[in-house]
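The next block holds one structure in the form of structure tokens; read it before the comments.
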Amino acid sequence: MSDKRHLRVPGLPAFSLEDLLTALVLSAIGILFIVLGPQNQWFDTDVIPDQVAQPVLIICGFVGTLYAPRVAISTTSFLIGLGVDVLAGGHDFALWLVFQLVFALVGHASRRVSTVVFTLAGVSTIVAGVASFASGFDPSTSFQFSVLAVIILFLPALWASSVREHRNTAAAEHERAEAERARADAQAQAARLAAENAAVSARLAEQKVRTAAAEDLHDLVAGHISAIALHSQAALAAHDERIRTEVLTTVHAAADRALSEMRRMIDVLRSDVEADPPVAASAAEAIALARSLGVTVTGAEALTALPDRQEAALRPVIAELISNVVKHASAPELTITVTEAGAIAASNPVALSPIARTIDRAGHGLDNITHRLERLGGGAAFTRTTDTFTATLTLPEDRVAPESNIVSEAPRPKGTTQ
């Protein structure tokens, strides 16, 4: 029962409105019983006068019913009332107190006690009649005793049992309603969390697509831009018109290819139909481009000997290595070596302070290389010594055939790369 239906009197335990109404009704019936009922006295005892005993019985009956849910208080109150009536000689109206005691025990005691009292109340209706007949009373009088037992014992037990069942049903319905409300709240919360997770997943997926697109654009265009920049410088420095024309032709071809590949990548990103993205230049093409830019490449056979699948994965890495050599190396040289099974090292000279250290923060180019290798199960490490930059690339373990999957890395001198 909710707190709104409970009343509190300072200095007394709380009680329910329902129990208050029941106590008032039963007490009113008890008063009528005392005023209008028989005034027989059972014992020749007058320790407590009737003028005192009767109000005490009414008060004890009221308190016992009012606090019926508190079985100890209720039972004690009823027993006190019955004790007072015994000291007053015993009266018929004390049976009403027994009525209230049975009602309280069946309606509010533990399930076991309630069942025992209810059974005894039912059996007593038969026992009363049989016992009175066995004592010598005529059948009519014995029947009256049975009817009295029904009224005083079985009727309150039956009434209290019905009230208890109704109360339990209401409590069960309330619990079911609360459980349904809690389940609905949990489902709503789960739906909100699912929506939030979906939104986060969508943002992460979008970010992943953007990151991959940025890496692909960088890999496709960076090498061509570096070639354009280098050849442009050569064209500006050249005095021979023929050499200048050849250099500008190379610049035009590089720019045209970079623009074409960038447009194709944009078309792929905009298209709703799955399409193959542009493919980076092969290792051989990248090395040929490097040599055309004046870069000396040593150990290129370590790349050409790789399986096709690994060579394809290494294409953007090789392009980034060459781009970094062109932009940052103190001399246009790139040396590629196989350091151990599944690992490749690419190094180039740089002009740095004589402090050897590991590079743990790189620009976009080196980041792209690291991400590509890690996605395939490999890795990359970049170090600088007094005069050398080295990219150590760990190729992923072969998952399909005897291929050691993937990538190589690019240099990064004075500090920044793409």
Side-chain angles (χ1 to χ4, degrees), residues 12-13 15-16 19-110 112-132 135 137 141 144-161 163-164:
L12 295 177
F15 51 87
S16 70
D19 290 330
L20 175 61
L21 294 177
T22 303
L24 290 174
V25 171
L26 293 181
S27 297
I29 296 174
I31 292 173
L32 292 176
F33 198 160
I34 291 174
V35 173
L36 303 178
Q39 301 295 321
N40 300 328
Q41 187 169 344
W42 300 344
F43 314 112
D44 190 14
T45 304
D46 197 11
V47 177
I48 300 177
D50 290 349
Q51 295 81 356
V52 175
Q54 291 176 358
V56 170
L57 260 66
I58 294 173
I59 292 174
C60 288
F62 178 81
V63 172
T65 305
L66 182 65
Y67 292 107
R70 299 173 182 264
V71 178
I73 296 176
S74 175
T75 304
T76 301
S77 179
F78 288 129
L79 293 178
I80 289 174
L82 292 173
V84 168
D85 183 68
V86 169
L87 294 176
H91 301 84
D92 291 343
F93 53 75
L95 295 176
W96 188 245
L97 211 60
V98 176
F99 181 102
Q100 292 174 280
L101 174 60
V102 173
F103 181 87
L105 289 176
V106 175
H108 295 282
S110 65
R112 176 179 296 181
V113 172
S114 174
T115 302
V116 170
V117 173
F118 185 87
T119 303
L120 291 176
V123 172
S124 66
T125 60
I126 301 174
V127 172
V130 173
S132 60
S135 300
F137 291 97
T141 304
Q144 291 177 9
F145 275 112
S146 294
V147 172
L148 182 63
V150 169
I151 296 174
I152 299 301
L153 298 174
F154 189 67
L155 183 61
L158 190 63
W159 180 19
S161 178
V163 171
R164 182 176 188 136

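Computed over heavy atoms, backbone and side chain alike; hydrogens, waters and symmetry mates excluded.
- The line from CG of Leu57 to CH2 of Trp96 is 13.0 Å long, rounded to the nearest 0.5 Å.
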Candidate pair Phe62 and Leu26, rule side-chain contact (heavy atoms from CB on, under 4.5 Å), full reasoning: CA-CA 8 Å; Phe62 178 81; Leu26 293 181; over 6 Å; no
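- Residue Ile126 qualifies as open at atom CD1: its count of foreign heavy atoms under 6.0 Å is 12 or below.
- The distance from atom CG of Leu21 to atom CG of Leu66, rounded to the nearest 0.5 Å, is 10.0 Å.
- To the nearest 0.5 Å, atom CG of residue Leu95 and atom CG of residue Leu153 are 8.5 Å apart.
- Between Leu24 atom CG and Asp19 atom CG the span is 11.0 Å, to the nearest 0.5 Å.
- Residues Pro13 and Ile73 come closest through the heavy atom pair CG-CD1, 4.4 Å.
- Using modelled atom types, no side-chain atom of Ser146 and backbone atom of Ala128 make a donor-acceptor pair closer than 3.5 Å.
- Annotation: the span from Thr119 atom OG1 to Phe154 atom CZ amounts to 9.5 Å, rounded to 0.5 Å.
- Nearest heavy atoms, Asp92 versus Phe33: O-CZ, 3.8 Å.
- Using modelled atom types, one side-chain atom of Ser124 and one backbone atom of Ala121 make a donor-acceptor pair closer than 3.5 Å.
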Could you list the donor-acceptor pairs under 3.5 angstrom formed by side chains in residues 97-110, with sequence neighbours left out?
unit_1 : atom_1 : unit_2 : atom_2 : d
Gln100 : NE2    : Gly61  : O      : 3.3
Gln100 : NE2    : Thr65  : OG1    : 3.1
Ser110 : OG     : Val113 : N      : 3.4

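- Between the CD1 atom in Ile59 and the CD1 atom in Ile80 there is a gap of 11.5 Å [rounded to 0.5 Å].
- Remark: the backbone N or O of His91 is paired with a side-chain donor or acceptor of Asp85 at under 3.5 angstrom.
- Formation of a donor-acceptor pair under 3.5 Å by the Tyr67 side chain with backbone atoms of Ser77 is not found in this model.
- Remark: the backbone N or O of Ala131 is paired with a side-chain donor or acceptor of Ser135 at under 3.5 angstrom.
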